[in-house]
Each structure stands twice: as structure tokens, then as C-alpha cells.
There are 2 protein chains.
Amino acid sequence: MTVTIKDVAKKAGVSPSTVSRVLSNHPRISLETSRKVKAIMEDMGYTPNMMAKSLVSKTTNSICFSLPKPAEELFSNLFFMELIRGIVTQASRSGYDVLISSGANEKEELEAVSRLLKGRRVDGVILLYSRTDDAVIDFLESNDYPFVLVGRSDRYENILSVDNDNVMAAYDATNHLISMGHERIGFVSGPPNLIVSRDRLAGYRKALLNSGLEMRDEWIVEGEFLQDSGYRAMSFFMNLPNRPTALVAVDDMVSFGILRGLNELKYKVPDDLAIVSFNNIPLSELSSPPISSIDIGIYHLGYTASQVLIQNIKSPNHDAGYTNRFVIPHRLIVRESSMYSHAKNKTE
Amino acid sequence: MTVTIKDVAKKAGVSPSTVSRVLSNHPRISLETSRKVKAIMEDMGYTPNMMAKSLVSKTTNSICFSLPKPAEELFSNLFFMELIRGIVTQASRSGYDVLISSGANEKEELEAVSRLLKGRRVDGVILLYSRTDDAVIDFLESNDYPFVLVGRSDRYENILSVDNDNVMAAYDATNHLISMGHERIGFVSGPPNLIVSRDRLAGYRKALLNSGLEMRDEWIVEGEFLQDSGYRAMSFFMNLPNRPTALVAVDDMVSFGILRGLNELKYKVPDDLAIVSFNNIPLSELSSPPISSIDIGIYHLGYTASQVLIQNIKSPNHDAGYTNRFVIPHRLIVRESSMYSHAKNKTE
DNA sequence: CTGTGTAAAGCAAACGGTTCCATAAGGAGG
DNA sequence: CCTCCTTATGGAACCGTTTGCTTTACACAG
């Protein structure tokens with residue numbers, strides 16, 4: 001049926017070990033034997049059985065990208081697409097396969113990851129975000145499995161992670177609005193247990209503080225990274241007596257929701273409300289008006305995560321002291337949603 | 001280190017075979033032993049080694065989703081996201097893992113698929129599209145590996161495939177424009193070697209023919225499933241002396257390109273040009289104006305593909321005569337890009 | 001001519017399971 | 001009381017590789 005190393009060995013008149021050594025370019029194999037065996041392998045269409053190989057080498061040449069929520073929900077954000085794109089591209093270049101796993105909740109995610117890792121189906125994991133409290137990270141840490149976080153954790157210091165400087169990013173975004181003359185700026189945040197939400201909120205606050213602008217609690221609302229949250233936030237803000245003239249939204253999807261709502265109410269962007277958000281997903285420039293966004297290099301984030309993880313799998317440099325936090329630069333992309341604003345005209 | 005079946009056996013005072021049987025709920029194990037062993041497994045934190053299991057069972061409980069192009073390029077289309085979403089969701093429900101693989105070209109794809117299948121790393125493959133001539137399919141067919149096609153092949157009859165009725169879908173899309181009063185309708189096609197392009201083109205032609213409308217070769221342009229193609233097609237069409245008043249585009253991404261171009265030139269949609277395209281990706285309703293699109297149930301396509309594949313892996317019903325082509329229904333979603341058109345007013 | 005070093009290849013024991021076959025212990029039937 | 005089944009378990013081979021330890025065969029120095 002399938003041709004194994006033994007079949008090749010028999011045909012070549014050598015032992016299986018010799019064939020195995022030919023395969024791995026062992027130095028102590030004569031050129032002659034090597035050539036002969038290789039020819040026969042080619043001839044018989046031999047392909048190594050990865051399972052057998054993995055069994056003995058305890059290595060699988062594949063990594064897992066684990067999603068904290070059911071695939072259904074998460075994938076609606078283009079963010080993940082970009083991330084996967086980066087991960088798969090890099091992994092494939094390093095000769096690694098990528099396995100996508102997802103659970104309905106944190107418990108299921110833990111089960112899946114544990115099964116894959118303990119069952120030796122993957123060598124390491126790429127994790128997304130970081131809740132402030134995370135059983136999956138605990139598991140990975142205490143079992144010493146290779147993993148990298150896209151995002152960061154505030155609980156552990158020595159965790160390998162790839163992230164943006166979200167505080168700075170939000171600072172930049174907010175400052176941009178300030179420089180356009182806005183003085184009442186609101187913030188649509190994400191789930192408060194996500195560090196990314198808190199970092200961005202912190203950056204927003206820092207910018208306001210820095211410019212001596214008013215900071216009101218009612219100008220900050222929490223939501224999910226979904227359109228709906230934006231929609232709801234919008235209607236809340238627009239009903240405020242002294243409403244903001246500009247909004248920083250934690251994710252582009254949120255902006256789309258805001259846009260949709262504003263559109264329905266015939267408000268104009270950016271004249272009635274200017275918007276800047278984060279992530280700069282491929283859609284941001286397609287909406288109307290196009291949304292100003294902080295490009296956080298999602299693809300790059302994924303690419304780097306994969307690279308760092310695989311590097312760590314290959315040589316677990318547990319020497320503390322090395323860099324273990326990789327910061328991907330961001331940059332503000334100004335588009336129509338925050339240009340020529342009413343507020344700006346006022347101040348000029 | 002890791003706890004194996006033997007460790008459990010030793011601690012339980014039984015043989016490894018007994019533990020193995022407990023694991024697989026073998027009927028001839030006493031309830032008592034079963035309970036005891038299970039308790040000990042739990043206690044020691046035993047997780048079966050998938051590699052070892054796979055080695056003997058020749059089964060991996062995972063499938064591969066193979067992408068014909070480098071991940072970089074392909075993933076820019078939200079189509080894949082949706083597809084993966086469906087695949088991963090269903091596979092995970094069936095207890096299967098999904099591996100994403102991609103090559104830079106057909107040859108690389110073949111290599112990857114062959115490596116995964118012959119190396120027994122996955123049990124089956126989901127393939128995308130179908131070129132009219134496909135080495136990968138040849139390989140899979142002749143080696144009798146389980147696989148399912150998303151799309152269809154015109155060369156083979158007994159291939160498992162999940163698809164839409166693209167001819168009908170294009171017919172519906174075109175008829176919709178015709179019913180809005182358009183008489184000069186153009187078509188932006190995809191690569192001519194893809195069957196989906198040809199089917200949609202055929203449906204477009206059929207609709208025109210059916211209504212006795214003029215059919216011009218210059219009203220049909222070919223491109224990729226990318227924004228750029230739309231952009232280019234747009235500038236070509238708009239420079240035509242007797243230009244179409246409406247366009248059918250083979251993919252939503254193409255429409256976005258058209259929209260962008262039209263926007264730059266200050267043309268209005270749908271007044272200057274009405275648009276209908278295919279796939280109804282999550283963005284279609286977010287663009288401005290929102291795009292009319294044929295919803296082909298991408299998620300459903302992926303979900304079904306996974307289901308059919310796994311079913312086939314579990315029990316290779318090679319009885320010809322069974323259904324092997326699954327058709328996912330489509331439906332037209334009419335949005336602003338094809339409503340209230342100038343052309344319509346003209347005829348009313 | 002014997003001893004030693006070295007290159008090339010073989011042997012066999014893992015890796016962690018599964019499964020066919022054998023065995024032991026009871027219980028039933030003669 | 002002795003067979004014959006049945007049921008619950010153990011033993012061992014095997015899945016396809018890798019790899020440490022030998023073995024073989026020379027070549028060369030003493």
C-alpha cells in the first residue's frame with residue numbers, strides 16, 4: 001500500500017536506519033549510498049509518515065491559532081482574517097502548518113488547547129488578546145508550553161507577546177482630533193476586561209489631560225468590538241445635552257455602527273461628529289465617508305507572532321533578559337471621517 | 001514527564017490494553033475496572049497522545065483546507081473568511097481539527113496537499129474552486145483520497161462537491177437589472193479558467209438572450225476577484241462611447257473597486273451606473289452605497305463542505321449513484337446600488 | 001602481524017497506542 | 001465432577017520512524 005522506509009530499505013538492500021539517515025542528511029552516509037537510496041525513494045514515491053516521525057521526535061511542525069470565541073462570532077471582524085493571513089504566511093515559510101481552533105468560551109478554549117498540546121498535535125499556540133485573568137495562560141505557563149500572545153498580559157512579565165503600544169496609539173488618535181479643533185471628545189471602549197480596551201482608554205485620557213480638555217465619564221461608553229456597540233453608543237451620545245463633537249472608537253467595526261446610525265439620522269460625518277478608530281481593517285477606506293483609523297499592522301502582528309513562536313519552539317531561549325515583548329509600530333491614517341470638521345472651522 | 005497509558009495501567013494495577021479498552025468504551029470491560037481506571041486517568045491528568053493513536057489507526061481527525069494561492073493574496077477577500085468560518089465551525093462540532101494550507105501556485109499546492117495526505121497528517125482535503133484543469137484533483141482522485149470541492153469540476157463526474165447554481169445566480173442578477181429597466185448591461189468576469197467565472201458569464205448571457213437584449217463583447221471584461229480589477233473595468237466601461245448603464249460583477253470585491261473609481265470620478269451609483277455582484281460578503285451592506293449582491297451562502301458552503309468531507313472520511317460511500325453534488329441555494333439581496341436607477345425612471 | 005582509529009552501515013529498543021490471540025475464572029449444562 | 005462457554009483481562013506484535021550502540025571493514029602506525 002503506502003511505501004514505508006522499510007520498503008525503500010529492502011529495495012535498496014540497506015537497513016531502515018540507513019534510509020532514515022539518508023533522509024536527514026546524516027554525515028556518516030556515503031555519497032554513493034545516499035544517491036542510490038534517494039533515487040529509490042523518488043522512484044517508489046516515498047513520503048515520510050509524519051505521525052511516526054512526530055511520535056518519536058515529539059515534534060509536529062505545526063502550531064495552533066486559538067480563538068477565544070466561537071468561530072461564528074469572531075470571524076465577522078476582518079481583523080482576524082488579516083491576522084490569520086500573517087500567521088499562515090509566515091508559518092508556511094518556516095515549514096509549519098497552522099491549525100485553527102476555537103471554543104465557545106474560555107473553558108472550551110482551554111480544553112481544546114490542552115488537548116492539542118498535551119496530545120502532541122501541535123508544538124505551540126498563538127493566543128489572542130488577553131483578558132486580565134486567563135486560565136489558558138495559566139495552563140500554558142505552568143506546563144511550560146511554547147506560546148505567544150497577540151496583545152499583552154499585565155499579570156505576567158515574561159510572557160512572549162506581540163503587541164502595539166495601544167496607549168500611545170490612542171494618545172495619537174485623540175491628539176489628532178484635538179489638533180482638528182475638537183474640545184469635546186468621546187470614547188467608545190471595548191470590554192473592560194480586555195487589556196487593549198483599557199490601554200486605549202488610558203491613551204485617550206492621557207491626551208485629554210495633556211491638553212487640559214474636559215474629561216467626562218458620560219463621554220465614555222463600553223461595548224463590544226462589533227457594529228452594534230457603535231450603533232448604540234451613537235444614539236447615546238447624540239442624545240446628550242452637551243454632546244461630543246468627535247469620537248474615538250476602539251475598533252473600526254464600532255465606527256461602522258456609528259456611521260450607520262448617523263446616516264439613518266441624517267447626521268453628517270465629520271461635520272456633526274468626527275470619528276477616528278483603530279485597526280484600519282481593509283474596509284475602513286471603503287465606507288462612506290472613509291474612516292480615519294490607526295493602522296496597527298494586523299498582518300504584521302500575525303506574521304511576527306508566528307515568527308516569534310516558531311523561533312521559540314525551535315530554541316526555547318528561556319534566558320530571561322531577552323526581549324519578550326515585540327511592539328509593532330502603528331500609524332494614523334487620516335481619512336474623511338476626521339477632516340474639515342465643523343469644529344475645525346470654528347477655531348480657525 | 002507526560003503521563004502515558006502505561007503509567008495509568010501501572011497505577012491502576014491493570015495492563016495497558018485494559019486502559020486502552022476503557023478509553024474506547026470497549027464492551028467487555030467490567031464497570032468496576034472502567035470506573036477505577038477512569039478515576040486514575042482523571043487523577044493523573046492523562047491525555048492520549050494523538051500521534052501514537054494516529055500512527056496505528058491511520059487516522060488523524062483533522063482535515064485540511066487548501067488554498068490555491070499564497071495566503072497574502074487570497075485572504076484579502078472576505079469570502080475566505082466566511083468559508084473558513086463555516087468549515088471550522090462544522091469541523092469542530094464533528095470533533096475534527098482544521099489545518100490551513102496554501103501554496104504560491106498549483107504546483108506548490110499539490111506538494112503541500114500531497115505531503116499532508118501521504119504523510120498522514122490529515123484525513124481529507126477541502127479544495128477551492130476548480131480550474132478547468134487541475135493537477136491537484138488528478139492526484140486526489142487517482143490516490144483515492146477523500147476530498148470535496150467548493151465549486152465544481154466539469155471534467156469529472158463523481159467528484160464530491162458543494163456549489164451554487166452559478167448560472168442561475170447570474171441569470172437572476174442580470175434579470176434583476178433588466179427588470180429595473182436597464183438595457184445596456186456589462187459584465188466584469190473573473191479568470192476565464194475558473195468554472196465559476198464561466199458559469200456566471202453563461203447566466204448573464206442567458207438572461208440577455210432571454211430578454212432579447214443586445215450582447216456586446218466589449219461589454220464583457222475579465223479580471224481577478226480583486227478590487228483593482230473592478231477599478232480598471234470601471235475606467236474601461238466609462239470611456240466607452242455607448243457605455244452600459246448597469247454592471248454585473250463576478251465578486252463583491254470587484255464592486256468595491258468599481259465604486260471607488262466611480263467615486264473618484266464623481267459618478268453616482270446607481271444613477272450613472274447600477275451594480276449587482278456576487279457573494280454578499282459581510283461588507284456589501286457597509287459600502288456606500290450598499291451593494292446589491294447575490295448571497296450564495298458562503299458560510300453554508302463551508303459548513304456543508306466540511307460536513308460532506310467528514311462524512312465521507314468516516315464512511316467512504318463510494319456507491320456511485322448517490323448524490324455527490326450539493327447545491328447551496330442563493331438569493332438576491334437588493335440594495336441601493338441597483339435601486340431607483342436613472343434607467344428605471346426612463347422606462348417608467 | 002597485531003593493535004587502534006575511523007568511516008559506513010546494521011541491530012534493536014524506544015515513542016504511545018491498538019488489537020488479535022491467549023488465558024484465567026466463573027457459571028451453566030450434562 | 002468434568003467439559004464448554006462467556007466474560008474480563010493480560011501478553012505481545014505492530015504502526016513507521018529515530019537513534020544509541022554495535023559491528024564490519026579497512027587503513028595505518030607501531
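This is a predicted model, so every value here is computed, not measured. Residue numbering restarts at 1 for every chain, and letters A, B, ... go by the order of the sequence lines.
At a cut-off of 3.5 Å, with distance as the only test, a side-chain donor of S30(A) or T33(A) sits close to an acceptor on the other residue. Side-chain contact check for S15(B) and T18(B): at least one donor-acceptor pair (N or O, by modelled atom type) lies under 3.5 Å.
Nearest heavy atom pair, residue T59(A) against residue S54(A), reads O-OG, 2.9 Å.
We find that NZ of K53(B) is positioned 5 Å from P of dT18(C), with the value rounded to whole Å. In this structure, the CE atom of M41(B) is 11 Å from the P atom of dG17(C), given to the nearest Å. Rounded to whole Å, atom C1' of dG16(D) lies 7 Å from atom OH of Y46(A). Distance, K118(A) NZ to dG17(C) P: 12 Å, rounded to whole Å. Summarising the geometry, the separation between CG on L55(A) and C1' on dC15(C) is reported as 4 Å, rounded to the nearest angstrom. Atom CD1 of I5(A) and atom P of dC14(D) are 18 Å apart (whole Å).
The closest donor-acceptor contact from the side chain of D97(B) to the backbone of S92(B) lies at 3.5 Å or more, if one exists at all. Looking only at distances, no side-chain donor or acceptor of S306(A) sits under 3.5 Å from a matching main-chain atom of G302(A).
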*Take L117(B) and F147(B) through the test side chain to side chain contact (heavy atoms under 4.5 Å, CB included) and record every step on the way to the result.*
CA-CA 10 Å; L117(B) 243 17; F147(B) 74 101; over 6 Å; no
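Each of I29(A), I5(A), V8(A) was compared with L23(A) under the side chain to side chain contact (heavy atoms under 4.5 Å, CB included) criterion, and only I5(A) meets it.
Put simply, the side chain of L127(B) does not reach to within 4.5 Å of the side chain of F65(B), judged on heavy atoms. At least one side-chain heavy atom of V88(A) sits less than 4.5 Å from a side-chain heavy atom of S102(B).
Heavy-atom distances under 4.0 Å link DNA chain D to G13(B), V14(B), S15(B) of residues 6-15 of chain B, given in residue order. Using a 4.0 Å cut-off on heavy atoms, the residues of residues 20-40 of chain B that approach DNA chain D are R21(B), R28(B), I29(B), S30(B), T33(B), listed by number.
To the nearest 0.5 Å, the span separating OG on S161(A) from CZ on F326(A) amounts to 8.5 Å.
Overall, the helix from dC1(C)-dG30(D) to dG30(C)-dC1(D) carries an axis bend of 70° between its ends, with five pairs at each end and the value rounded to 10°.
Contact check on E111(B) versus R115(B) returns no salt bridge, with no Lys/Arg side-chain nitrogen under 4.0 Å from an Asp/Glu carboxylate oxygen.
In terms of phosphate contacts, K58(A) brings no side-chain nitrogen or oxygen within less than 4.0 Å of OP1 or OP2 of dT18(D). Phosphate proximity of dG10(C) to T18(A): present, with a side-chain N or O under 4.0 Å from OP1 or OP2.
A donor-acceptor contact under 3.5 Å is not formed by the side chain of S54(B) with the base of dC15(D). Judged by distance alone with a 3.5 Å cut-off, a donor-acceptor contact links the side chain of S17(B) to the base of dG11(D).
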